[in-house]
Every structure is written in structure tokens, then in C-alpha cells.
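Data first, discussion second: the structure below is written as C-alpha cells.
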Number of protein chains: 4
Amino acid sequence: MVRLEDARRIIAAAEKKAQELGQPMNIAVADEGGNLVAHVRMDGAWLGSVDISIKKAFTSRAFDITTQELAKHSQPGGPFYGIHASNDGKVMIFAGGVPLKKNGKVVGAVGVSGGSGDQDHAVATAGASAF
Amino acid sequence: MVRLEDARRIIAAAEKKAQELGQPMNIAVADEGGNLVAHVRMDGAWLGSVDISIKKAFTSRAFDITTQELAKHSQPGGPFYGIHASNDGKVMIFAGGVPLKKNGKVVGAVGVSGGSGDQDHAVATAGASAF
Amino acid sequence: MVRLEDARRIIAAAEKKAQELGQPMNIAVADEGGNLVAHVRMDGAWLGSVDISIKKAFTSRAFDITTQELAKHSQPGGPFYGIHASNDGKVMIFAGGVPLKKNGKVVGAVGVSGGSGDQDHAVATAGASAF
Amino acid sequence: MVRLEDARRIIAAAEKKAQELGQPMNIAVADEGGNLVAHVRMDGAWLGSVDISIKKAFTSRAFDITTQELAKHSQPGGPFYGIHASNDGKVMIFAGGVPLKKNGKVVGAVGVSGGSGDQDHAVATAGASAF
């Protein structure tokens, strides 16, 4: 279960990492049902990344995988190519979504958007580590 | 301008009011462009209200009005009846959206969803007062 | 045929009327195909009315009628009730859309949004008169 | 802040460039929130480009980048591949969107569509230069 206080701790850790990288981010946390628990847009972060951060969190929980990993399988020619058209357009297939696990089971996810794929993934990982 | 620290202060005031009412809520804050700055879902709040809270904040900024007031004009026979079909379904025409003003000018909005219309409006108003 | 220079003349006349009324507006002009020729958002006009003005122009041309008149037939119990759900949500059923006619034939439309229904209709009519 | 008079100056400069190139264009200007300020379709420009010009302006502001540059990162195998599925289909990943800057900060964008990618980019750049 991902409570609001968990989401806030995750977001705080992600924000700290984003500040270290000097890149403002959108950070979203989804629960076991893939539904949004909390979202923040850091000052100066991209407007278009509000939606993307929320969808990366959904995607990561929806398929119990990092979106960085999902990306590898979703390129043209890959086994999941076309998956971005499913779920009413809520599936994001690039880095920044990381599952939240409890006793080895995925119970939610963090989604981060606002920088390069590597930055987004690093910030999401920092957030997930605080869970 | 609605900064993340403003949004957090607004959300804290709204959460306090929701706790007093004993009704968990979704609370969203939008900026001058109608774009999301932050959102929280309090533990136990309705899942379907994540979307509604975000859209009430958008609506209130989009028309510089509380959604409680907009509701009056948007009923069958009213001058704005049918407005809920505009803006790709992002317009919510029931109470819970309240504009944020600075020097008399609307610069953002709060959207709250999770209880009765009166409760949502009261919580949004408490949030807006902290701006 | 509605050329860009026609649209600009129409918009200028509509803006003049809006300034007289002291109400900033969104003004859109559609051509014979119902497609947008030009749009302006006057400073301070509602953000949510960008979409509405464009859709009022589409609607007025799509059914060769003012949206004020269409509104009467589109209320619950009316013969066109439910028409707002057609055309992928592009049909607006409240005042502010006015057809552009040439030799008695509808060849385009003006859509205005930003004030009361009466204001929107008055500004759209002023625009259409300049055609 | 992008006022309507700014948008008109930008559009005039873009139109001038389009005329030099002999290619009619759709030209759109968005503000800091990514919302449309003004749009024109030059006589003879593609109908399908109305929507594209508006979305290029949104995209360029949403990610503070030219859509020509965004295109490079959004190809299959690239770090942002799949971004076109975000933001409810409003993200355009080909040339023609250019940010508007004030004191180094992005405060809006121009979107142009109607010719080749190079032509669209050249016309949008001419428009942005007039800001």
C-alpha cells in the first residue's frame, strides 16, 4: 500500500536528487491500482512533462517494469512494439518510470519527467529507494 | 505566479480543512496557464476524484470563476449549458474549483473532489485562502 | 469563400465591439468547410474560451445556424437534444456562433466566447456584419 | 508574457517569410502556459496543418525546445521515442515549432505548418525573431 505519507517521502528524495542534478522535474507516484497518489512540478520543469510523469508511473506499475526496460522491448521490430497505443494512450515507453516494491511485490510506481532519459531514471530510482 | 511552495501551502490548508470535515479529498493546484503544479490524494479518497480535482482546478482558471458559480449557468436552459462538452472534456461544472487571485487578478486555481459539493467547495476555499 | 483578409476584417469588427462592451473575447473565423481561418485571444480573455470560440464557429457553419438558435432546440426534451455529443465533441450549443453569408448562402461562420451569451452573440454579429 | 500585439507582430514576420518562400502556411502563437494566443491560415495553406501548427506551438513551449531538435530525440531507438503519444496527442515531433524567449526564459512559442520541415522551421524562426 502506498500512503500519501509514503508518496511524500518518495517525492522528497526524488526532488533532492533532481536538485543535485540541477534539473527541475515533474514527479508522480502511483499506487497498486496504478492510480495517482501525488504529483509535483518543480519550479521551471517542463509543462509537457506533467502528463508524462503521471503516465510513466502508471506504465511502470501497469507492467511491473521500469519504463527504461520496457523501452527496449517497444521499439520497431521489438516484441512489444505498438504497446504505446494501448490503454487510451497512457503507456509511456521511455525511461523515468520505476516500480515500488514491498517484499518483492510491485505495489506502486514513481514516474519522473523533465530531463534526459538517464536523469529521469536516476531521479525516479532515488525516489523509489526512499520507499 | 504559483510556485510549488505556494501549492504546498495551499494543499496543507485544504488538507487541514478536509480533516476537520472528516472527509478525505483529492486536492489539485493549477497555475496561470491552467497547468497542474501539484496534486495529492488523501488516504481513502475516491479514485475517480483524482481526475475531477485536476479538472476542477483547470476549469476554475480557464473561466476565472468558482465551479460552484459556473454550475449555476451551465444547467439545462442556462446560458452556458453545453460548456461541459468543450475543452476535450476538461470542464467540470460542479462545486470544488476556486480561483487563486493576486492583486485582484486570477493567477491559478485549486480543485477539490471527494465529498459533497459543499464540502469540496469549503476545502477548496480553505486552500485558496492560504495563497 | 472566406479569405484571410476577410477573416481579419471580421475579427477587427468583433474586437471593436468587444472593446465597446469592455469584455475581452476569443474570436474565431471558419470557412465553408468549417475549418479555422484565423483566431485571436484578446488580452485577458478566458483561456477556456479559445476552444469554445473555434467550436462555435465550426458548429454555426456545420448546421448553418446561429448557436443561439441551435441552443433552443438542443435542451433536454428538445428535438436536437444530444447533438453536443456528435462530431467528436466539436458542437457547442450556446450563443456566440453566427454564420457568414454570401448571396444568401452560408460560406463560413464566426465564433465568439468570453462573456455572457448575449455579449458573445453581439460580438459575433458585429463581426459577421463586416463580411 | 505574450500579448496579442506580440502575436500579431510575430505572425506578420512569419507571413512575410512564407511569401518569400512562395509557400502558404498555418501560423500559431502560444503563450507561457502553452495556450493559443492567435492563429492564421494563409490562403491556400493545407487544412490539416491548422491543427499541426497549433500543436507545434504547444509542443515547443511544453518542452522548451524547437520541434526540429525534439524530432532528433524522438525517433525509434532515441531517448524520447514514444513522446508523441503523451499529452493527449498534442505533441508534434517534426520541425516547425520554435520557442519565444525573453531574457533567456521561454515564455511562449510559434508553430508553423504547411511546407517542408525546413520551410516550416524557417518561417517559425522568422516569426520568433520578431518577438
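Since the model is a prediction, treat every value here as computed from it, not as a measurement. The chains referred to below are lettered A, B, ... by the order of the sequence lines, with proteins before strands, and numbering in each begins at 1.
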Subject >> Any residue of residues 85-92 of chain A which, by heavy atoms, sits under 4.5 Å from chain D >> reply: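 When heavy atoms of chain D are the reference, residues 85-92 of chain A contributes A:Gly89, A:Met92 within the under-4.5 Å range.
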Subject >> Which atoms of D:His84 approach chain A - backbone, side chain, both or neither, heavy atom under 4.5 Å >> reply: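 Just its side chain gets close to chain A.
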Subject >> chain A contact via D:Ile83 - side chain, backbone, both or neither, heavy atoms under 4.5 Å >> reply: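 Both parts, heavy atoms under 4.5 Å.
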Original post:
Rounded to the nearest 0.5 Å, how far apart are OG of A:Ser49 and CG of D:Asp64?
Top reply: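 Reported to 0.5 Å precision, the distance equals 9.5 Å.
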**OP:** May I ask you to decide if D:Pro76's main-chain N or O and A:Gln75's side chain share a donor-acceptor pair within less than 3.5 Å?
**Re:**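 Here the side-chain-to-backbone pair does not exist.
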Subject >> Residue pairs fulfilling side-chain hydrogen bond (donor to acceptor under 3.5 Å, both in side chains) with at least one residue in residues 2-14 of chain A, sequence neighbours excluded >> reply: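 Output for this query lists A:Asp6-A:Arg9, A:Arg8-B:Glu15.
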**OP:** Measure distances from A:Ser113 to the heavy atoms of chain D and classify the residue's part below 4.5 Å as side chain, backbone, both or neither.
**Re:**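 Contact with chain D involves no heavy atom of A:Ser113 at all.
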Original post:
Does some side-chain heavy atom of D:Phe80 sit less than 4.5 Å from a side-chain heavy atom of A:Ile52?
Top reply: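 Not touching, per the 4.5 Å side-chain cut-off.
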Subject >> Taking every non-hydrogen atom, the tightest pair across D:Tyr81 and A:Phe94 >> reply: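 Result for this residue pair: O-CD2, 3.5 Å.
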